[in-house]
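Structure, as structure tokens:
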Amino acid sequence: LPSITATTFQIGGEGTGSYLRAQVDELRISNTARTEQEIAQSYINGLFILSLTADPDTLQMYPTWSTTPTLTALTDVGTRTLPATLAAWLSSNPAVASVSVEGKVEALAAGTSMVTATYQCHEAEIVIDVTAPPLPPVWETLDPFLIAPAANAEYEMPVLIISYLPT
């Protein structure tokens, strides 16, 4: 804000008939500049959380797949989406599905795991069902004759052979 020398000043208008068509709620004037993250954190810390849910609450995944669920809180001022980084995350079976501090869930091996997000004593659970692919990839080595370039060849061109049958 510019320096204010008058004893009163106006918020939401310019004083000549143009005014804000909204309600200003929880106005806070500070003597320091705040980042967007600091303002968001201050807002979230002031919410009274009634319940916490995760979307989706069930995930069907294959190994190596990853996703970050959305956390939604029912609060005293309505439903709000929370950053996944606010919650503490835990996987009941980290060999099947791991979860990072940022809330990113990664499928590791076939099986089932329960991933839980905890924030302000509330929990949201996600059932992770990891299915092994029907046929895992098979890596084969090629005949050395096919790998070695021909003697005195003018060009050498790398070749990748992929055998793929869609299922």
Side-chain angles (χ1 to χ4, degrees), residues 1-137 164 166-167:
L1 291 172
S3 108
I4 300 169
T5 56
T7 56
T8 61
F9 67 98
Q10 183 178 19
I11 295 175
E14 60 181 41
T16 61
S18 295
Y19 300 99
L20 178 69
R21 292 183 182 186
Q23 289 183 344
V24 177
D25 186 19
E26 296 186 30
L27 175 67
R28 191 176 296 177
I29 298 175
S30 177
N31 62 353
T32 61
R34 302 197 188 276
T35 66
E36 181 179 340
Q37 291 80 16
E38 288 173 321
I39 293 168
Q41 188 64 48
S42 174
Y43 171 75
I44 289 169
N45 288 342
L47 294 176
F48 180 71
I49 307 288
L50 302 170
S51 67
L52 187 66
T53 58
D55 185 38
D57 60 359
T58 303
L59 283 169
Q60 300 287 327
M61 302 175 79
Y62 287 106
T64 73
W65 285 14
S66 64
T67 186
T68 303
T70 302
L71 286 179
T72 304
L74 178 60
T75 72
D76 54 338
V77 293
T79 303
R80 300 290 185 258
T81 300
L82 300 179
T85 54
L86 287 180
W89 293 89
L90 180 66
S91 173
S92 67
N93 192 347
V96 171
S98 67
V99 61
S100 70
V101 294
E102 293 86 17
K104 182 179 179 182
V105 176
E106 184 173 355
L108 301 173
T112 302
S113 180
M114 179 76 69
V115 170
T116 305
T118 305
Y119 181 67
Q120 288 188 1
C121 300
H122 295 279
E123 292 183 347
E125 295 181 333
I126 306 164
V127 177
I128 311 292
D129 185 24
V130 181
T131 305
L135 294 173
Y164 175 72
T167 57

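Interatomic distance, Thr75 OG1 to Leu52 CG, rounded to the nearest 0.5 Å: 11.5 Å. Separation of atoms OG1 (Thr118) and CD (Glu123) is listed at 4.0 Å; rounding is to 0.5 Å. Summarising the geometry, atom OG1 belonging to Thr116 is positioned 4.5 Å from atom CD belonging to Glu125; distances are rounded to the nearest 0.5 Å. Ile44 CD1 to Gln37 CD: the interatomic distance, rounded to the nearest 0.5 Å, is 11.0 Å.
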Does the pair Val127 and Met114 meet the rule for a side chain to side chain contact (heavy atoms under 4.5 Å, CB included), with working shown?
CA-CA 5 Å; Val127 177; Met114 179 76 69; 3.8 Å; yes

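The shortest heavy-atom contact between Ala124 and Ala54 is CB-N, 3.6 Å. Nearest heavy atom pair, residue Ala73 against residue Ile49, reads CB-CD1, 3.7 Å. Taking all atoms of both residues into account, the shortest heavy-atom contact from His122 to Ser51 is ND1-CA, 4.1 Å.
There is a side-chain donor-acceptor pair under 3.5 Å between Ser113 and Ser91.
Side chains of Leu108 and Val130 form no contact here, defined as non-hydrogen atoms less than 4.5 Å apart. Residues Ile128 and Met61 are in side-chain contact: their nearest non-hydrogen atoms beyond the backbone lie under 4.5 Å apart. Side chains of Tyr119 and Leu71 form no contact here, defined as non-hydrogen atoms less than 4.5 Å apart. Inter-residue side-chain proximity for Leu59 and Ile126 is flagged as met; some heavy-atom pair is nearer than 4.5 Å. For the pair Pro69 and Val105, the minimum side-chain heavy-atom distance is below 4.5 Å. No side-chain heavy atom of Val99 sits less than 4.5 Å from a side-chain heavy atom of Leu90. Between Lys104 and Trp89, every side-chain heavy-atom pair lies at or beyond the 4.5 Å cut-off. Using a 4.5 Å cut-off on side-chain heavy atoms (C-beta onward), Thr72 and Thr79 make contact.
Remark: the backbone N or O of Glu38 is not paired with any side-chain donor or acceptor of Gln41 at under 3.5 angstrom. Side chain of Asp76 to backbone of Phe48: a donor-acceptor contact under 3.5 angstrom is found. Within the 3.5 Å criterion, the main-chain N or O of Glu106 finds no donor-acceptor partner in the side chain of Ser66.
The residue from Asn45, Ile39, Leu47 that alone fulfils the side-chain contact (heavy atoms from CB on, under 4.5 Å) condition with Tyr43 is Leu47.
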